[in-house]
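Here's the structure we're looking at; comments come further down.
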2 protein chains.
Amino acid sequence: MTPSRSSDALRAAQLYYLQDLTMDAIARELRTSRSTVSRLLSSARESGLVQIQIRSPLDTGPELASMIRAEYKVDVHVVPVVDTLNEAETLDRVAMQAARTIGPLVDSNAIIGVAWGSTLSAVSRHLTRKITHDSVIVQLNGAGNMQTTGITYASDIMRRFGSAYGARVEQFPVPAFFDHAATKKAMWNERSVQRILQLQARMSIAIFGVGSVDADYPSHVYAGGYLDEDDLNVLATSDVVGDVATVFFRADGSADGITLNERSTGPDLAQLRQVRRRICVVSGASKINGLRGALAAGLATDLILDEASARRLVSFDGAS
Amino acid sequence: MTPSRSSDALRAAQLYYLQDLTMDAIARELRTSRSTVSRLLSSARESGLVQIQIRSPLDTGPELASMIRAEYKVDVHVVPVVDTLNEAETLDRVAMQAARTIGPLVDSNAIIGVAWGSTLSAVSRHLTRKITHDSVIVQLNGAGNMQTTGITYASDIMRRFGSAYGARVEQFPVPAFFDHAATKKAMWNERSVQRILQLQARMSIAIFGVGSVDADYPSHVYAGGYLDEDDLNVLATSDVVGDVATVFFRADGSADGITLNERSTGPDLAQLRQVRRRICVVSGASKINGLRGALAAGLATDLILDEASARRLVSFDGAS
DNA sequence: AAGCACTATGCACAAACGTGCAGAACGGAA
DNA sequence: TTCCGTTCTGCACGTTTGTGCATAGTGCTT
């Protein structure tokens, strides 16, 4: 983009959003055509020059949101969706709103931890650009599995975050689960791994979805070849309800004694809770049990979820 | 506004600004007409539910802005205006942009000091609503003069600020200048005055214009019957260049020994400099000398001014 | 219950806006 | 310089949005 083009965009944005001129008037002022102004403005929006955000009145909001807020002590954003939408469309809507809600929270010098999965993938596709300096995107958990290194899928997500915020991307090149806890211990002492772990320890924002063991169609983790028969059996017969970044927990939010976690590569729950801003994105009512566990564990400070899930979350018999 | 209407507005705003639906689609979703949605959205914007802000890239911005930023160490917002506009139209544009720039800075529990004058009056007319709690608007300096109590003019400004931000308004019912410094001393010990002074001491934001002694058509202070012949003569023969909230200063920003200030009711410069955020709004190139003085005195952390003034500010021979 | 004042709604029209397309302008490479 | 590929621009069209006006709804008074 030529030097004067972006300054034209700034000028147009000021005139349009701050002074309420029409594009026509702006065109005359910039000696160009109205269509160019239209394009300048959309580039100003896309590049994050113009930030539009919605501050829902925290107290007086729709009851659904305030009930969740009161019960779970999280900052909740209920995404309105019509019930005629299917799962995929809902996810898309939730992801779009999540992406735009996250935008304003990202700042310079941020260290942003990002998990991976279908939810995060959808979110990453809708991020709006925002110029920041010296920000880092760090992968929360490994993505390799028995069939593939899982690199492309997870790294696409990371890359999109990185380019939206002009941030350095730090991948975590380990499998999602080690076969042996001992290998993990060993690797965790490697300096290359240590670098990532130390970044994770300094995260200012973490963004993740949840997996739910009993989801109608299960998440990547449960179906993607990351776990073998035995592991899945253990999960099924234990009282694990879900996971965040491949770290498992029970309905009450506890995780002690879940052996699988000793082989998992995500940050343990205590560490995750250290992060100042922890954004959980959920779409699809079938994740409700996993979500309940995550909330019980206090994993999220911000929750973005679709309306249907929000409704089930507050209904007491939602545990079906 | 009925309870469900504002929640409809929130919903519409989310669908429109965060999910990119058309108003038509939103209308179907809310089972209402498209025109109602249009109106819901504009009420959402007006009520501050939707916040649009422009983050000008601090480093790479147009040189004009960055030169001022570098030279005077203030956060500067140059308001683009066509040069065919007259003073009044320019003021209006600057005021509109100032009002919208200030909006996002106002927060709950803020104590906002507001001066008065034609600039502030214009700004007050363009404020966008924003819901805050327990904010206070406090008047920076008295407004009475020899002819009138000056109450209505200044208090209209205050009232508009108050209602835009849902804030309590604290007027300062004293003349702009006392006739005798001794009277001021006495009044300053009154408890009613003390209350205001203590609020001022705790200000988190101050908003003011500048007066310039040599302005083409002089500000309220110099023309409105606030000062008598003698005072004006003293000003003319001294090296005073301008004032902020009826407190005068010289080109180098100094104010010591200016006797008029002992009778003036505005906060002294040292006190003003204590305020975290000090927003100076300037429209009209003839205020340039006053502005230079104010900047030399370090009175502003944020400067909003029109393009022509910005240009004169950086040109070395602007002192004409 | 009727009357009244005020607000909200939908319609219809005009204004404002986004975008595919064809041509112009630009920036190398030969 | 000419050529070619790429990007930018303005036009024209269809879509989307704002708004005056007549009507319907709502709440308060008598």
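Predicted, not measured: the structure shown is a model, and the values here were computed from it. Labels below follow one simple rule: chain letters A, B, ... track the order of the sequence lines, proteins then strands, and each chain is numbered from 1. Hydrogens, waters and symmetry mates are skipped; everything else that's a heavy atom, side chains included, is used.
To the nearest 0.5 Å, atom OG of residue Ser121(B) and atom CH2 of residue Trp116(B) are 11.0 Å apart.
For DNA chain C, the residues of residues 12-25 of chain A within the heavy-atom distance limit of 4.0 Å (strictly under) are Tyr16(A), Thr22(A), Met23(A), sorted by number.
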Original post:
Given the rule in the side chain to side chain donor-acceptor pair (under 3.5 Å) test, do Tyr16(B) and Arg11(B) qualify, once you have shown the distances and angles that lead to the verdict?
Top reply: CA-CA 8 Å; Tyr16(B) 190 78; Arg11(B) 203 183 165 98; over 6 Å; no
Original post:
Between Gln97(A) and Gln14(B), does a side chain to side chain donor-acceptor pair (under 3.5 Å) hold up when you go through it step by step?
Top reply: CA-CA 8 Å; Gln97(A) 185 157 335; Gln14(B) 295 184 109; 2.9 Å; yes
**OP:** Assess whether side chain to side chain donor-acceptor pair (under 3.5 Å) is satisfied between Tyr165(A) and Arg160(A), documenting all intermediate values.
**Re:** CA-CA 9 Å; Tyr165(A) 300 137; Arg160(A) 281 194 283 259; over 6 Å; no
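In this structure, the CD1 atom of Ile26(B) is 11 Å from the P atom of dG18(D), given to the nearest Å. For Leu30(A) and dG10(D), the CG to C1' distance is 15 Å, given to the nearest whole Å. Spacing between atom CZ of Arg28(B) and atom P of dG10(C) amounts to 14 Å, rounded to whole angstrom units. Distance Leu41(B) CG to dG18(D) P: 7 Å, rounded to the nearest Å.
Heavy atoms of Thr32(A) sit under 4.0 angstrom from primed sugar atoms or phosphate atoms, though from no base atom.
Looking at heavy atoms from C-beta onward, Thr119(A) lies out of side-chain contact with Phe208(A) at the 4.5 angstrom threshold. Taking 4.5 Å as the limit, every side-chain heavy atom of Ile112(A) sits out of range of all side-chain heavy atoms of Ile102(A). In this structure, Gln19(A) and Val79(B) have side chains that are in contact, with non-hydrogen atoms separated by less than 4.5 Å. Within the 4.5 Å cutoff, side-chain heavy atoms of Lys130(B) are placed close to those of Gln51(B).
Using five terminal pairs a side, the axes of the helix from dA1(C)-dT30(D) to dA30(C)-dT1(D) at its two ends make an angle of 30°, given in steps of 10 degrees.
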Sort me out a list of protein N/O and nucleotides 11-14 of chain D N/O pairs below 3.5 Å, or just none if empty.
| unit_1 | atom_1 | unit_2 | atom_2 | d |
| --- | --- | --- | --- | --- |
| dC11(D) | N4 | Ser35(A) | OG | 3.4 |

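For the 3.5 Å distance criterion, the side chains of Ser33(A) and Thr36(A) qualify, holding a donor opposite an acceptor.
Glu307(B) has no carboxylate O lying under 4.0 Å from a charged side-chain N of Arg312(B), or vice versa, which leaves the two without a salt bridge. Remark: Arg39(A) does not engage Asp8(A) in a salt bridge, criterion side-chain N to carboxylate O under 4.0 Å.
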